[in-house]
Amino acid sequence: MEILLTNTMSRRKEVFKPLREGEVGLYTCGLTVYNFAHIGNLRAYVFADTLKRMFLFNGYKVRHVMNITDVGHLTGDEDEGEDKMEAGARREGKTVWEIVDFYTKAFFDDLKRLRIILPTVTCRATRHVDDMIEMIRKIESNGYTYVAGGNVYFDTSKLPDYGKLARLKLDEDKMRSRVESDPYKRNPFDFVLWFTRYKYDSHAMQWDSPWGRGFPGWHIECSAMSSKYLGERFDIHTGGIDHIPIHHTNEIAQSEAAFGHEWVNYWLHSEFLVIGEGEKMSKSLGNFITLQTLIDKGYDPAEYRYYLLGAHYKKQLAFTLEALDGAKSAMKKLATKIGELKESEAPVSEPNSLLLNEFHEAINDDLNTPRALAVLWKVVDSEDLRPGEKLSLIDEFDRVLALGLSEIETEVIPKEVSELANQRDQARRDKDWKKADELRELISEKGYEVLDERDGYKIRKK
RNA sequence: GGCGACGUAGCCAAGGGGUCAAAGGCGGAGGUCUGCAAAAUCUCUACUCAAGGGUUCAAAUCCCUUCGUCGCCUCCA
């Protein structure tokens, strides 16, 4: 079955064609680890994970590389601007390296809690400085750089199609009026490949290079590491939509200048999660919610994942607790129904091909997860399918959705609870309603609820 | 100032020239069931897709205008 993906380069859905039959090389722009990931960040990784799972579902072998940015990004505030790592370190009284380790671990914990399959290769920028230097040398020897005021700059004027991803219009300088221009730049779009001149004396992260002691520019890590692990040309590069005009534009410029040919075949970008009055959730704005915040409020990470899958990745999603509550209710209902299915029958070996196909088409159509969820509900509520048939379909769907549907088990009720329930059942037979209600209350205190049925009852964890 | 996206039921959200009297979820209403409660189940919940024009045999879907919301142009998912 065809796979359609919206390529930012063409702004269209394109039929996916891999460089190598049956294989996908996938690069995901990872996190800058100077603070916790917020749920907006996490959306990008759930998206990348869904993408990867879709390929696995289609039988592809996926080589997935993700970077961890642990160096070199400056805060935006000009007056107090400092390296984000350094700022984090000062804030918490730790070294930059401790900050990096701590938040990298926290990030991976979040990924795991969301059932995100970890990348084949995770690479840290600071461990690949040599690769970056090597790449800058290549760019330099190809004639795309100049040195000014101590820094090595990329000369965007040498690249005729600079800005093609973002469709930047380069003729008007005033377009960049908001940006404090660096007097050493020849062109406002030029960017630094290697810094030896920096504003902050105490910069802890420094390396020797052919251009002097310093640290790499903001974009080179992704170019250097992706080519190291995926080759100088690969299939897919993902990231947040904010990366299009600067980060990815510059990655493309560097890479194509270094390699002398096109670099990435498909660019996929996920839209933002916005908060409140449609305000962007951002670490620098300080209005962020972490996964842990949600867990503390009583939500399960799977519920957040369900919530995300309910919207297409290319659409802005306005986060509200009300909407998340909707996802929570839906997940609870799914868990109940699936638990009941498992009580009655085991999955059958061959899932219904018609419905499987419907699901398959939805996810292959540019990851239409909302439609995929609709198919899931269609299956769950179907009157024509046997429980085992439903379960086998659900197991298949969950390979992509990763909501933990396959792991739902029939509940084991503690003996004391089931004994109380038995007593209550007897009281009901005796029409001793008072005693029955008291017992229900007692069971409820132990965290279970009794649901009376036609001939019997059911106990369920609350 | 420049670039881009979006505006579909109470809420979240698919669809993106005819198969749409517009998926799905949440919520709500009513029925069945029932000692009570809950659960389950059934039915209902947009004659309409921000507004106004236009193109077309045909528009929620294309074009234009207006209004509104948001994002990017600075590190950012």
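Please read these numbers as outputs of a predicted model, since none were measured by experiment.
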Pairs under 3.5 Å (Watson-Crick or G-U), crossing ones as [ ], inter-strand ones as |: RNA chain B comes out as ((((((((.[[[..)..(.....]]]((((((.......))))))....[[[[[..)....]]]]])))))))....

Q) Does CZ in A:Arg127 sit with more than 12 non-hydrogen atoms of other residues, nucleotides or ligands closer than 6.0 Å? A)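 Check fails, neighbour count at 12 or below.
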
Parallel, tilted or perpendicular, judged at 30° and 60°: which one describes the rings of A:Phe154 and A:Phe191?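 Ring orientation, 0 to 90° scale: parallel.
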
OP1 or OP2 of B:C26 under 4.0 Å from side-chain N/O of A:Lys332 =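 No, no such contact exists.
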
Under 4.0 Å between a side-chain N or O of A:Thr32 and OP1 or OP2 of B:A77?
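Answer yes for this pair, as a side-chain N or O of A:Thr32 is under 4.0 Å from OP1 or OP2.
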
Exercise. If you take atom types as modelled and just measure distance, does the side chain of A:Arg429 reach the base of B:G35 with a donor-acceptor pair under 3.5 Å?
Worked result: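 Checked by distance alone, the answer is no.
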
task: State whether the distance check finds a donor on one side and an acceptor on the other, under 3.5 Å, for side chain A:Asn41 versus base B:C76.
output: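 Side chain to base: no pair present.
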
Just how far, in rounded Å, is [atom2] of [N] from [atom1] of [X]?
| X | N | atom1 | atom2 | value |
| --- | --- | --- | --- | --- |
| A:Ile241 | B:A77 | CD1 | C1' | 10 Å |
| A:Lys314 | B:G16 | NZ | C1' | 14 Å |
| A:Asn250 | B:C73 | CG | P | 12 Å |

**Residue pairs passing the salt bridge (Lys or Arg N to Asp or Glu O under 4.0 Å) test where at least one lies in residues 315-332 of chain A, sequence neighbours excluded** =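 Checked against salt bridge (Lys or Arg N to Asp or Glu O under 4.0 Å) - neighbours excluded - the pairs reaching residues 315-332 of chain A are A:Glu303-A:Lys328.
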
**Prompt:** Can you name the one residue among A:Asp300, A:Asp398, A:Asp110, A:Asp49 that meets salt bridge (charged side-chain N to carboxylate O under 4.0 Å, His left out) with A:Arg305?
**Reply:**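 The residue from A:Asp300, A:Asp398, A:Asp110, A:Asp49 that satisfies salt bridge (charged side-chain N to carboxylate O under 4.0 Å, His left out) with A:Arg305 turns out to be A:Asp49.
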
For nucleotides 8-14 of chain B, give me every protein contact, N/O to N/O, under 3.5 Å, one pair per line with atom names.
residue, atom, partner, partner atom, Å
B:A13, O2', A:Gly310, O, 3.2
B:A14, OP1, A:His312, N, 2.6
B:A14, O3', A:Asn368, ND2, 3.2

request  = Can you figure out which of B:G35, B:C26, B:G71 approaches the side chain of A:Phe272 most closely?
outcome  =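 Nearest listed nucleotide: B:G71.
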
Exercise. Which nucleotide, B:G35, B:C72, B:A23, lies nearest any side-chain atom of A:Asp437?
Worked result: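 Given the options B:G35, B:C72, B:A23, the side chain of A:Asp437 is closest to B:G35.
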
Fill in: Residues that A:His248 engages under ring pair (Phe, Tyr, Trp, His ring centres under 6.0 Å), provided they are two or more places apart
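With sequence neighbours excluded, A:His248 shows a ring pair (Phe, Tyr, Trp, His ring centres under 6.0 Å) to A:His237, A:His243, A:Trp267, A:His269, given in chain and number order.
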
Go through the structure and list residues passing ring pair (Phe, Tyr, Trp, His ring centres under 6.0 Å) with A:His312, not counting sequence neighbours.
->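 Ring pair (Phe, Tyr, Trp, His ring centres under 6.0 Å) check on A:His312 returns nothing, list empty.
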
A:Val417 versus A:Ile443, closest heavy-atom pair with distance: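 Scanning both residues, the minimum pair turns out to be CG1-CG2, 4.0 Å.
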
**Item:** Nearest-nucleotide 5' precedence on RNA chain B, A:Cys29 against A:Leu373
**Value:**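 Final value for this comparison: A:Leu373.
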
Original post:
Between A:Gly239 and A:Glu340, who's closer to the 5' end of RNA chain B by nearest nucleotide?
Top reply: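 It is A:Glu340, whose closest nucleotide lies nearer the 5' terminus.
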
All N/O donor-acceptor pairs, side-chain side in residues 362-369 of chain A, below 3.5 Å, sequence neighbours left out:
residue, atom, partner, partner atom, Å
A:Asn364, OD1, A:Asn58, ND2, 2.8
A:Asn364, ND2, A:Glu2, O, 3.1
A:Asn364, ND2, A:Asn58, OD1, 2.9
A:Asn364, ND2, A:His360, NE2, 3.4
A:Asp365, OD1, A:Lys13, NZ, 2.8
A:Asp365, OD2, A:Arg371, NH1, 3.3
A:Asp366, OD1, A:Thr6, N, 3.0
A:Asp366, OD1, A:Tyr313, OH, 2.7
A:Asp366, OD2, A:Thr6, OG1, 2.5
A:Asn368, OD1, A:Arg371, N, 3.1
A:Thr369, OG1, A:Leu309, O, 2.8

